[in-house]
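Only this structure's heavy atoms are used, side chains among them; waters, hydrogens and symmetry mates stay out.
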Amino acid sequence: QAQLAESGGGLVQAGDSLRLSCVVSERTLSNYAMAWFRQAPGKEREFVAGIDWSGHKTDYAASVKDRFTVSRDNAKNMLYLQMNSLKAEDSAVYFCARGSVGTTRRGLQWYNDWGQGTPVTVSS
């Protein structure tokens with residue numbers, strides 16, 4: 001079972017940028033897709049962005065497309081989420097997750113291991 005730890009969250013103003021990082025303790029991380037999810041208070045956890053095992057194919061929720069960029073560095077066992085033009089509705093706890101397959105998926109059931117989350121608060 002992989003251990004995941006997110007960092008980089010914080011309090012920012014609308015229009016600002018943040019970069020989230022996720023370190024993964026997994027020797028064969030390059031075999032698996034990775035993703036970012038988020039959960040706002042009182043809401044279900046939702047898919048934000050995913051990246052396949054190679055890093056060449058990405059997928060984004062419509063609400064963040066063209067503002068967020070997901071990337072990975074398999075050599076460093078790292079996953080990143082660059083978030084630009086942040087909005088108040090982006091406020092949530094952000095989780096990184098390791099997939100059970102190599103291709104990107106949006107459903108929670110495809111992800112085996114999760115981090116503890118890092119909070120992002122965007123003030124308007």
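Using modelled atom types and a 3.5 Å distance limit, the side chains of Thr104 and Asp52 yield no donor-acceptor pair. A donor-acceptor pair shorter than 3.5 Å can be found between the side chains of Arg105 and Thr103.
Here the closest heavy-atom approach between residue Met34 and residue Tyr111 is recorded as C-CE2, 4.2 Å. Annotation for Ser85 and Ser17: closest pair N-OG, 4.3 Å, computed over non-hydrogen atoms. Across all their heavy atoms, Leu81 and Ala49 have their closest contact at CD1-CB, 4.1 Å. Nearest heavy atoms, Ala40 versus Ser91: CB-O, 3.8 Å.
Salt-bridge annotation for Asp113 and Arg98: present, with a side-chain N of the basic residue lying under 4.0 Å from a carboxylate O of the acidic one. Salt bridge status for Asp90 with Arg67: present, with a side-chain N to carboxylate O gap under 4.0 Å.
Once rounded to the nearest 0.5 Å, the distance linking OG of Ser21 with CE of Met78 reads 4.5 Å. The distance from atom CG of Leu29 to atom NZ of Lys76, rounded to the nearest 0.5 Å, is 14.0 Å. A distance of 12.5 Å separates CZ of Arg38 from CZ of Phe95, quoted to the nearest 0.5 Å. With rounding to the nearest 0.5 Å, the separation of CD in Glu46 from CG in Leu108 is 10.0 Å. Here CH2 of Trp36 is found 5.0 Å from SG of Cys22. Values are rounded to the nearest 0.5 Å. From Arg106, atom CZ reaches atom CZ of Phe37 across 10.0 Å, with rounding to the nearest 0.5 Å.
Taking hydrophobic clusters as Ile, Leu, Val, Met, Phe, Trp and Tyr residues chained together by side-chain heavy-atom distances below 4.5 Å, Tyr32 does not share a cluster with Val24. Residues Tyr94 and Tyr60 share a single hydrophobic cluster, defined by chaining ILVMFWY side chains whose heavy atoms lie under 4.5 Å apart.
With Tyr80 as the aromatic partner, Arg72 does not meet the cation-pi criteria of under 6.0 angstrom to the ring centre and within 45 degrees of the ring axis.
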CA sep, side-chain torsions, deciding dist, call: Arg45, Trp114, side chain to side chain contact (heavy atoms under 4.5 Å, CB included): CA-CA 12 Å; Arg45 191 168 299 190; Trp114 297 80; 3.3 Å; yes
From CA spacing to verdict: side chain to side chain contact (heavy atoms under 4.5 Å, CB included), Leu4, Val23: CA-CA 6 Å; Leu4 294 84; Val23 59; over 6 Å; no
Ser71/Gln82 under side chain to side chain contact (heavy atoms under 4.5 Å, CB included): CA gap, chis, key distance, verdict: CA-CA 8 Å; Ser71 61; Gln82 178 66 43; over 6 Å; no
Side chain to side chain contact (heavy atoms under 4.5 Å, CB included) assessment of Val93 paired with Gln116: CA-CA 9 Å; Val93 177; Gln116 294 298 309; over 6 Å; no
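A heavy-atom distance below 4.5 Å is not found between the side chains of Val101 and Trp53. Using a 4.5 Å heavy-atom threshold, the side chains of Leu86 and Leu18 count as touching. Using a 4.5 Å heavy-atom cutoff, the side chains of Glu6 and Leu20 are not in contact.
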What pairs of donor and acceptor atoms, side-chain ones from residues 117-124 against any protein atom, are under 3.5 angstrom apart with sequence neighbours left out?
unit_1, atom_1, unit_2, atom_2, d
Thr118, OG1, Gly9, N, 3.1
Ser123, OG, Val12, O, 3.3

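Not a single ring pair (Phe, Tyr, Trp, His ring centres under 6.0 Å) links Phe68 to another residue, sequence neighbours left out.
Counted within 6.0 Å of CD on Gln109, heavy atoms from surrounding residues, nucleotides or ligands total more than 12; the atom is thus considered enclosed.
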